[in-house]
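See structure below.
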Amino acid sequence: MIRLSQYDKKWADLKLLPSGFTMAAKGCTTSCLCMLSDYFGCYCSPTLAIDTKIKYTDKNHPQGPGLVLWGLLNFPCFKFEARRFGWQIAEIDISLKDPDKAVILQVGNGAHWVVAVRKIPGTKHYFIIDPLGGKLTTTYRYGNITGSAHFIRK
């Protein structure tokens with residue numbers, strides 16, 4: 001799977017309309033979804049995804065601006081399956097064992113999204129790709145998982 005950074009010069013300044021936030025400021029979820037597009041076999045760069053594949057909340061949305069509207073994702077090779085709240089280890093593990101599924105994790109007390117790669121044996125933590133630089137790391141760095149979004153191959 002390709003590793004992407006929301007700070008990449010190619011897209012860091014692009015706006016997540018209609019919110020007005022940039023990829024650098026709020027593009028972690030977008031970066032994760034683009035990494036998943038590569039995993040599922042229909043790679044879409046953040047530049048293209050922002051314009052044609054992902055819709056975002058506006059500044060008047062009750063939960064805040066710049067959030068991905070999960071049900072409106074428009075990737076040709078995968079679709080949104082479910083959004084879970086809390087540290088749902090069993091559901092995350094089931095999705096990670098299925099090659100036709102993928103998971104992104106909400107971490108940092110809900111402020112950030114990362115791609116789950118695989119479980120760290122004997123723990124409740126995961127290896128992740130973090131869009132804050134596109135590096136492989138672990139959920140230990142964030143302390144907790146506050147939610148997950150699950151996707152399935154079309």
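For reference, positions follow the sequence shown, starting with 1. Everything quoted here is computed from the prediction, not taken from an experiment.
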Interatomic distance, [X] atom [atom1] to [Y] atom [atom2] [nearest 0.5 angstrom]:
{"X": "Y140", "Y": "I120", "atom1": "OH", "atom2": "CD1", "answer": "5.0 Å"}
{"X": "K124", "Y": "I145", "atom1": "NZ", "atom2": "CD1", "answer": "9.0 Å"}
{"X": "K101", "Y": "I94", "atom1": "NZ", "atom2": "CD1", "answer": "8.0 Å"}
{"X": "R83", "Y": "Q88", "atom1": "CZ", "atom2": "CD", "answer": "10.5 Å"}
{"X": "H150", "Y": "E91", "atom1": "NE2", "atom2": "CD", "answer": "5.5 Å"}
{"X": "T52", "Y": "N74", "atom1": "OG1", "atom2": "CG", "answer": "7.0 Å"}

Which pair of heavy atoms, one from [X] and one from [Y], lies closest together, and at what distance?
{"X": "G64", "Y": "T57", "answer": "O-OG1, 2.7 Å"}
{"X": "C44", "Y": "K53", "answer": "SG-CG, 3.6 Å"}
{"X": "F21", "Y": "P65", "answer": "CE1-CG, 3.3 Å"}
{"X": "T146", "Y": "V107", "answer": "OG1-N, 4.2 Å"}
{"X": "I129", "Y": "P131", "answer": "O-CD, 3.5 Å"}
{"X": "W11", "Y": "S45", "answer": "CZ3-CB, 4.3 Å"}

Next on the checklist: Can you classify the ring geometry of W70 versus F80 as parallel (below 30°), tilted (30 to 60°) or perpendicular (above 60°)?
Outcome noted: parallel
Give a yes or no answer on whether the side chain of [X] reaches the backbone of [Y] with a donor-acceptor pair at less than 3.5 Å.
{"X": "D58", "Y": "H61", "answer": "yes"}
{"X": "R153", "Y": "P99", "answer": "yes"}
{"X": "T139", "Y": "Y126", "answer": "yes"}
{"X": "S148", "Y": "L105", "answer": "no"}

Item to check | Working for side-chain contact (heavy atoms from CB on, under 4.5 Å), residues H125 and T138 | outcome: CA-CA 7 Å; H125 286 277; T138 70; 5.7 Å; no
Is it true that [X] and [Y] fall in one hydrophobic cluster, defined by side-chain heavy atoms closer than 4.5 Å?
{"X": "I92", "Y": "Y142", "value": "yes"}
{"X": "I89", "Y": "V103", "value": "yes"}
{"X": "F151", "Y": "M1", "value": "yes"}
{"X": "L96", "Y": "Y39", "value": "no"}
{"X": "V115", "Y": "Y43", "value": "yes"}

Checklist entry - Is atom NZ of K154 surrounded by more than 12 heavy atoms (other residues, nucleotides or ligands) closer than 6.0 Å? => result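 Yes, NZ of K154 has more than 12 neighbouring heavy atoms, counting only those of other groups under 6.0 Å.
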Item to check | K79, NZ atom: more than 12 neighbouring heavy atoms under 6.0 Å | outcome: no
Item to check | Side chain to side chain, Q106 and W113, heavy atoms closer than 4.5 Å | outcome: yes
Checklist entry - Should L14 and P46 count as side-chain neighbours, where that means a heavy-atom distance under 4.5 Å? => result no
Item to check | For F75, all residues meeting ring-ring contact (aromatic ring centres under 6.0 Å, His included), sequence neighbours excluded | outcome: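 Once residues adjacent in sequence are excluded, the partners of F75 under the ring-ring contact (aromatic ring centres under 6.0 Å, His included) criterion are F78.
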For residues 26-35, which side-chain donor-acceptor pairs fall under 3.5 Å, sequence neighbours excluded?
unit_1	atom_1	unit_2	atom_2	d
T30	OG1	Y56	OH	2.7
S31	OG	G27	O	2.9

Checklist outcome for this item: In short, salt bridge (Lys or Arg N to Asp or Glu O under 4.0 Å) pairs touching residues 12-22 with sequence neighbours left out are none
Next on the checklist: Quick check on side-chain contact (heavy atoms from CB on, under 4.5 Å): which of L16, L72, L73, L48 does I54 satisfy it with?
Outcome noted: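 Result: among L16, L72, L73, L48, L73 is the only option passing the side-chain contact (heavy atoms from CB on, under 4.5 Å) with I54.
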Checklist entry - Taking the six-membered ring of F127 as reference, does the NZ or CZ atom of R118 fall below 6.0 Å from its centre and within a 45° cone about the axis? => result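 Checked: cation-pi criterion met.
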